[in-house]
Amino acid sequence: MKLISKFSEGLHGEIKIPGDKSISHRALLCSSISEGTSKISNLQESEDVINTLKSLKQLGINIIKKSDSYYVEGKGFRGLKESEKKLYFGNSGTGIRLMSGLLSIQNFSSILTGDESLSKRPMKRIIEPLLKMGANISGSNEDTLPLRIVPSKKIYGINYKMPVASAQVKSAILFASLGAQGDTKIIEKSVSRDHTERMFEYFGASITYSEKETTLRETDTFTSQNIEIPGDFSSAAFFIIAALISKNSDITLKEVGMNPSRIALLKKLIQMGGDIKVFNHSSFGKEPVADVNVKSSSLNSCEVTSDDVPNLIDELPILFIASCFADGISSFNEIEELKHKESDRLKAMQNGLDKMKIKHFLDGNVFCIEGMGKGYKIPNFLAETYYDHRIAMSFAIAGLNSDSSIEIAKPECINTSFPEFIELGKKLGCNFEIS
Ligand code: S3P
């Protein structure tokens, strides 16, 4: 199967963006360990989130879908049951890392696996702090899947200074801290997304979090909740940039998550000259949401600093695409973490940029892209995705400004986070075809 993305005359209309991936994982986990039944609306129905849902069912949690909502019968912090089979998390770093924290406090053993890409991703970053807390967790060759977790006598709260800015690591520690003896304090280098903190607070945990410091006090129970998941800002990002770089565009995206630790891209694009308006502000639980209107714009180059990186880490590939259509040289500092995502995203993007005839270079740990300005038409080519959803969607958006079309190999990987991407894109006027 191939996705063909053709030159498009302009994007128009209004769509609702499906639920946020990070928040969907957390909603399923928190509901499963609360007391009572929680209702989740607008859950992201992507492969990643469905793998987390299936794992929770294997662990004895009853989850049913009625109309458009999911009902989860919580069993308390230590109420999960041993799974007969290994738990499979597909492509999802978030699913496996958060679940590792939670399984570390159960009184049974578990084996956690994933697909080829996840099997290569670093797990030492969660193994180390979890071992310090008293968990019994090990990986293969210390660092990779499968992960094996066996019950430990006691789990202790931890004071932990994070060596990497990672919400997945922070969250694995927080899930393991539920029911632990003593408080947990986590200090971050740069602020990473705080969805776990907000959701723990919503479920009644005694938690405080400010910029770079999170403290979870001993907590015994979560109370079940109704959760409405905001639209995924990272999914919205593809259409925001599509509208900015396509001529004659004017689109509105409804109920998009506006968590401050996720929207660095929005601020960058506005600084670059993007015509973007955020309005209808409200909140779903502890998470802010708003509608976003975007119109075609002439963009200037951008500078991404190391502090920006955690708050736009998933948007870097599509921001690279925006930079190709901006005036001047854009620079991206300390983007090392890009190499440890669903693929080596730096390499994947460098290869695609070569085919787009875009000049780019690495200067120490600064990656630079020389923009060609508004109206640049990229040559036709076949984009490699490395089976990475965000790489596939980034090139699909670039194709809207192509000479005639670009082809994207194996677009099925888009289902990892955004199964509705092609259909919603077409609704807005993206010239997408499947062949
Ligand atoms: C996520 C955190 C980020 C992000 C990922 C989702 C989360 O990963 O890239 O897509 O839901 O916690 P890291 O924590 O590894 O930076």
Side-chain angles (χ1 to χ4, degrees), residues 19-30 43-44 46-49 51-52 89-102 114 117-118 120-130 143-144 160 162-176 186 188-200 209 212 214 229-230 232-238 257 259 261-265 287 306-319 334-346 348 388-394 413-414 416-418:
D20 183 273
K21 178 151 74 74
S22 293
I23 304 176
S24 294
H25 285 293
R26 287 154 172 87
L28 285 169
L29 289 178
C30 290
L43 186 83
Q44 182 182 102
S46 63
E47 284 176 358
D48 271 12
V49 173
N51 278 325
T52 291
F89 291 89
N91 201 242
S92 180
T94 306
I96 203 161
R97 292 192 175 117
L98 270 54
M99 189 71 98
S100 297
L102 185 54
S117 142
L118 190 57
K120 289 187 205 133
R121 292 179 66 186
M123 294 296 150
K124 199 169 179 176
R125 52 181 65 194
I126 56 159
I127 294 175
E128 246 168 31
L130 292 175
D143 201 19
T144 49
Y160 195 65
M162 302 255 299
V164 275
S166 162
Q168 294 178 358
V169 176
K170 176 174 61 172
S171 304
I173 299 171
L174 288 172
F175 274 102
I186 302 169
E188 297 187 82
K189 285 205 302 194
S190 309
V191 189
S192 67
R193 65 191 69 190
D194 62 4
H195 301 302
T196 304
E197 295 88 314
R198 286 172 191 253
M199 184 117 2
F200 274 25
Y209 49 100
K212 291 179 186 163
T214 302
I229 313 267
D232 194 321
F233 180 80
S234 300
S235 300
F238 294 103
N259 182 310
S261 62
R262 288 286 296 282
I263 56 167
L265 176 85
E287 293 284 350
S306 56
D307 266 350
D308 295 328
V309 172
N311 299 153
L312 48 65
I313 183 76
D314 292 341
E315 288 69 68
L316 279 171
I318 190 63
L319 183 54
E334 294 181 36
I335 54 170
E336 170 73 22
E337 270 297 300
L338 260 198
K339 297 182 181 169
H340 305 296
K341 294 293 171 189
E342 287 83 329
S343 68
D344 177 343
R345 286 186 175 156
L346 182 58
D388 182 327
H389 53 133
R390 298 199 202 281
I391 300 298
M393 290 188 276
S394 297
C413 59
I414 293 173
T416 297
S417 69
F418 198 179

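We number each residue from 1, following the sequence as shown. Each ligand, and each atom within it, is numbered from 1 in the order the structure gives. Small disclaimer: the values here were computed from a predicted structure and weren't measured.
Residues S166 and Q168 have side chains that never bring a donor and an acceptor to within less than 3.5 angstrom of each other. Remark: the H195 side chain and the S22 side chain contain no N/O donor-acceptor pair separated by less than 3.5 Å.
At under 3.5 Å, not a single nitrogen or oxygen of E342, backbone or side chain, sits near a nitrogen or oxygen of ligand 1.
For the pair R125 and H340, the minimum side-chain heavy-atom distance is below 4.5 Å. Looking only at side-chain heavy atoms (C-beta outward), I96 and M123 come within less than 4.5 Å of each other.
Nearest-heavy-atom check against atom 2 (C) of ligand 1 across R262, H25, M162, Q168 picks out Q168. In this comparison of L312, T94, V164, D314, the heavy atom closest to atom 4 (C) of ligand 1 sits on D314.
No side-chain donor-acceptor contact under 3.5 Å links S92 to the backbone of F89.
Listed by number with element, the atoms of ligand 1 under 4.0 angstrom from any heavy atom of I313 are 9 (O). Close approach of ligand 1 to A167 is summarised as follows: ligand atoms under 4.0 Å from at least one heavy atom of the residue are 12 (O), 14 (O).
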- request: Take V169 and I126 through the side-chain contact (heavy atoms from CB on, under 4.5 Å) test and state the conclusion after the steps.
  value: CA-CA 6 Å; V169 176; I126 56 159; 4.1 Å; yes
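Within the 4.0 Å heavy-atom cutoff, R26 counts among the residues contacting ligand 1. Residue K341 places a heavy atom under 4.0 Å from ligand 1.
Looking only at protein heavy atoms, the nearest one to atom 11 (O) of ligand 1 is S22 OG, 2.7 Å.
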